[in-house]
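Have a look at the structure below before the remarks.
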Amino acid sequence: MEILLISIVAFFVAILTFFSGFGLGTILTPVMMIFFPVEVAIALTGVVHFSNNIFKLILVGKNFNKEVLLRFGIPAVLFAFIGALILVKIPNFEPLYSYQLFGKTFEIFPLKLLVALFMMFFAIIDLIPYFNNLKFDKSKLSIGGALSGFFGGLTGAQGALRSAFLIRAGLTKEAFIGTTVVISSFVDFTRLSVYATRIMNLDLKENLPLLLCATLSAMTGAFIGNKLLKKVTLKFLQYSVAILLLVLSFALGLGII
């Protein structure tokens, strides 16, 4: 049952997040947690996410923008390493507030709340017509890369901030998706290399059928998303990013994810 449900979620979320450039790991992790302990759920999601990124790299990686990749991607990777290292060394952050809902306890952590506020800010900008022509100067890309990489390594939410910056970097829709995929793959590799010691301590062999099905489902979703790319506009991508940013910022800020 869990293999079927997780595979279906991976398939549909992969289609949706193909355009936004983020969200697969964020949405898939809570679903994994329904059936597995937190550490195992994060490890399984990490493998599916990284494998799907490699597949997307083959599909659309050639469309990346070299200048944006260098200005944004290098700081993102460096600061993702720093953020992940801090997470490993100082794993326990005290929650600001905790509450109960439907019999479950949710905790609001300061770093996740900060990231949620960043995401909400960018989402509002994307949804207000007055800011439609707002673009980020390319000299600011390194700042965006550093912020998204650092908070990504520390909280796992790097994709949302990355897309929030890059959607306003003046890229075509093909270049936006290609560049986000390349940067995401590098950041994923950096984070997983730091988390590797934790993942190696978990025995995932018994979950190989689930990993295989979920990964293939996500890849199929990404393949379909790539086929639909010609039918969508940059405006659609912008609104997709904004809506997902809003949803995830509320979930992150409220301690749901």
Side-chain angles (χ1 to χ4, degrees), residues 1-62 77 80-81 83-85 87-88 91 104 149 152-160 162 177-178 180-228 244 248 251-252 256-257:
M1 180 63 184
E2 61 265 26
I3 292 179
L4 178 62
L5 177 60
I6 290 172
S7 297
I8 291 173
V9 171
F11 172 73
F12 285 106
V13 173
I15 296 176
L16 175 65
T17 59
F18 180 87
F19 302 112
S20 66
F22 69 95
L24 176 61
T26 308
I27 298 173
L28 191 58
T29 300
V31 178
M32 289 281 196
M33 287 180 183
I34 297 174
F35 304 101
F36 302 99
V38 175
E39 319 82 56
V40 177
I42 292 174
L44 291 172
T45 302
V47 174
V48 174
H49 191 274
F50 182 67
S51 302
N52 191 54
N53 264 345
I54 296 301
F55 181 68
K56 285 163 65 177
L57 197 61
I58 296 171
L59 286 178
V60 297
K62 63 181 182 227
V77 171
F81 177 80
L85 201 59
L87 179 62
V88 171
K104 292 187 178 181
L154 202 56
T155 69
Q158 57 91 16
R162 180 188 63 237
I177 293 175
T180 55
V181 166
V182 174
I183 294 174
S184 179
S185 299
F186 280 118
V187 172
D188 259 4
F189 180 79
T190 302
R191 285 194 299 145
L192 289 177
S193 65
V194 177
Y195 301 153
T197 52
R198 288 184 176 182
I199 295 176
M200 292 299 289
N201 291 329
L202 300 171
D203 186 8
L204 302 180
K205 292 180 182 178
E206 62 185 43
N207 295 310
L208 283 179
L210 182 144
L211 271 177
L212 183 61
C213 291
T215 300
L216 289 176
S217 296
M219 288 180 176
T220 304
F223 180 80
I224 292 175
N226 187 45
K227 291 296 182 182
L228 295 173
L244 265 179
L248 294 181
L252 197 63
I256 298 173
I257 58 176

| query | To the nearest 0.5 Å, what is the distance between CD1 (Ile8) and SG (Cys213)? | reply | 11.0 Å
| said: Tell me every residue that passes ring pair (Phe, Tyr, Trp, His ring centres under 6.0 Å) with Phe55, counting only those two or more places apart in sequence or in another chain. | reply: none
| remark: Of all heavy-atom pairs linking Ile3 and Pro209, the shortest is CD1-CB, 4.3 Å
| message | Are His49 and Ser184 packed together at the side-chain level, in the sense that at least one heavy-atom pair is separated by less than 4.5 angstrom? | response | yes
Output a table of donor-acceptor pairs, distance under 3.5 Å, between side-chain atoms of residues 220-228 and any protein atom two or more places apart or on a different chain; print 'none' if there are none.
from   : atom 1 : to     : atom 2 : distance (Å)
Thr220 : OG1    : Leu216 : O      : 2.8

| Residues which pass side-chain contact (heavy atoms from CB on, under 4.5 Å) with Val31, listed by chain and number, not counting sequence neighbours | Ile6, Val9
| task | Mind listing the closest non-hydrogen atom pair of Ser185 and Ile54 along with its distance? | result | OG-N, 4.5 Å
| task | Search all heavy atoms of Ala218 against all heavy atoms of Ala14 and return the closest pair with its distance. | result | O-CB, 3.2 Å
| message | Looking at every heavy atom in both Ser7 and Ala214, which two are closest together, and how far apart are they? | response | OG-N, 3.7 Å
| Can you tell me how far the CG atom of Leu208 sits from the CG atom of Leu44, to the nearest 0.5 Å? | 9.5 Å
| message | To the closest 0.5 Å, what do you measure between CG (Asn52) and CG (Leu57)? | response | 11.0 Å
| Spatial distance of atom OG1 (Thr180) from atom CG (Asn53) [nearest 0.5 Å] | 8.5 Å
| field | Spacing of CD1 belonging to Ile27 relative to CZ belonging to Phe12, to within rounding of 0.5 Å | value | 13.0 Å
| query | Side chains of Leu210 and Met32: does their closest heavy-atom pair fall under 4.5 Å? | reply | yes
| task | Tell me, with the steps shown, if Leu28 and Val48 meet side chain to side chain contact (heavy atoms under 4.5 Å, CB included). | result | CA-CA 9 Å; Leu28 191 58; Val48 174; 3.9 Å; yes
